[in-house]
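Scroll down for the structure; my scribbles are underneath it.
Predicted model, so just to flag it, every value in this text is computed and none were measured. Counting from 1, the numbers follow the sequence of the chain as shown.
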Amino acid sequence: MGDVGRDGEGNDAPAKAAVATDGDGSTVLEGSDVSSASIVSCASSASSDAHRSPSANVRAQVCRFLLPVFVPQLLQGKSQTVVQPMLPIFVKEDLHGSNTAVGLISSTYPIAALCTSAALGLVLQRCHYSTSSALSLCVLILTALLSSVAPTVAVFFAIRCMGGVAVAAFDLSRKAYMSAEVPNNVRGRITSLQAGLMKVAVMFAAILSGVVAEHVAMRSIFFVQAAFTCTALLAILAHEGSKALLARRSLDAVDAERAVAAGGERRSGRGGSSSAPYMGLRTVARQHWQTILGAGGYCALVNGVRQTWVIALPLQAHSLRLSKEEIGFLVAWFRGIDAFMNLFVTGRIIDRYGRNKAAIPSLILLAFSYLLLPLSRSAGTLMVAAAVYALGNGLSGGIVNYLATSLAPANARTQFLGLWKTVTSVGGFIFPPLFGVIADSTGSFSVSCSFISGVACFALAWNILFVREGVQDPDVVASASELVAASQLEDIPLPRALSRPHAEQVL
């Protein structure tokens, strides 16, 4: 831990106290410069921070995560959505695939996540979050360019699977960072805001997708995808460059030897999880198997319902002979409603009334939307079905990230999130291909939609029976940002032993 504090002008300066652990594992503050007056000041500062208005707290967190998290996530999500609305049509028209092939291609990212997330969790424990994110984006740029020249369904499937590994690594890195940094009391609003902003970006990406596919060329959407991913990579590199510049400027003001003695440089604690004690996957699975199977199983079902809609809506629109541009606008329509729910409704419901107050009506609406979809016979009725789905999906927007970041243990975040993503990817791996198989074998789009509607109802029952509210396990450390005022070590990660009871003892 870096021995760094803040001086009166807001610059980095040597702190007056160091964190140490006594014989029974409790965390205390020690140092010759610590006085009772400074501890009282800590308590006063903590009290004022606790009474900060929630909206101000959210705004502060958004500004803090704007460049390292929000901008790259938005651009990377936008790059995927440029392809998603046209993906079923590309497989059917350019690659001459069946509905089963469409379902299989749409499940490539979940397949890759299912096979690699656990291993990625172990690898990412030793990596800086931004480094792993940047490498993942480089792979995604390569796969986007390769997709533009894919000649067959099999080759396209292999390319998409390679991209799916990169998407899984990027997602794990972002979730681990959010889990380490975002305080619990604003996590619902932060994750919902992130999901809402992404869906706003996705809305414009869907329109762009239809316009490019209709007026330029279908395969040109992959070049647009590569361009957005490049921009996300530049945002991460810009953030890392600014951090490195600030670190060099403050190096002369920090006593390096004292910083190392107190626990290492500041960046090593914040940037990744390499300083955390190693925990194997078996240990993490044994300690948290109920959480992973309970909440993870619910998220797997929800993800399966969501992933299937990505192909079901374009397929129904294509069967009604809507143009590619009209399909893009249709996707943008429901994404806009989805984003509105995320930005202005879902986060407040989760933080004030609990996750279930959003999850239960969400699943009811999702089930109903799948029953409406095969009954649609025009663009207008399709818009109604899409609006119902958007209301339901918007209510559940951010819930999967909220559960993942809230339940991840502080001493094994990436391992837990790797196992979590393995389980939650099962839904996207199973249900889209199964949807296509049912549609091809029965010759009925209605039967396949009814099946997915039943999956949404099953997810509702699973949520009620097996999932608790998304709060951290009792032994998990509070976020460092919640303990800043009490420790006077702003922006420096505190040891796991410094939980709320220990902080109260210090005060």
Original post:
How long is the gap from CG on L382 to CG on L372, to the nearest 0.5 Å?
Top reply: 10.5 Å

Subject >> Non-hydrogen atoms of P72 and I236 that approach each other most closely >> reply: CG-CG1, 3.6 Å

Subject >> Shortest non-hydrogen separation from S107 to G428 and the atoms involved >> reply: CB-O, 3.1 Å

Original post:
In Å, rounded to the nearest 0.5 Å, how long is the span from CE of M162 to OG1 of T143?
Top reply: 5.5 Å

Original post:
With a 4.5 Å heavy-atom cut-off, do H318 and P88 have their side chains touching?
Top reply: no

Original post:
Counting distance only, does the side-chain N/O of S209 pair as donor-acceptor with the main-chain N or O of A205 below 3.5 Å?
Top reply: no

**OP:** Write down the atom of R219, the atom of L95, and the distance for their closest heavy-atom approach.
**Re:** NH2-CD2, 3.9 Å

Original post:
Just wondering, more than 12 heavy atoms not from F429 lying within 6.0 Å of its CZ?
Top reply: no

**OP:** Working to the nearest 0.5 Å, report the span between SG of C299 and CH2 of W462.
**Re:** 11.5 Å

**OP:** Measure across A118 and T422 and return the closest heavy-atom pair with its distance rounded to 0.1 Å.
**Re:** N-OG1, 3.3 Å

Original post:
Counting only heavy atoms not in F204, do more than 12 fall under 6.0 Å of its CZ?
Top reply: no

Original post:
With respect to W309, which candidate in F435, F431, Y389 satisfies the ring-ring contact (aromatic ring centres under 6.0 Å, His included) definition?
Top reply: Y389

Original post:
How many angstroms lie between atom CG of L145 and atom CZ of F222, to the nearest 0.5 angstrom?
Top reply: 11.0 Å

Subject >> Distance (rounded to the nearest 0.5 Å) between S378 OG and L320 CG >> reply: 7.5 Å

Subject >> For the student: nearest non-hydrogen atoms of M203 and G336, plus distance >> reply: SD-CA, 3.3 Å

**OP:** Report the distance from atom CZ of F228 to atom CG of L140, rounding to the nearest 0.5 Å.
**Re:** 14.5 Å

**OP:** Would you verify whether the NZ or CZ of R160 falls within 45 degrees of the ring axis of F90 while also being under 6.0 Å from that six-membered ring's centre?
**Re:** no

**OP:** Ignoring hydrogens and angles, tell me if any N or O in the side chain of Q316 forms a donor-acceptor pair with the backbone of S376 under 3.5 Å.
**Re:** yes

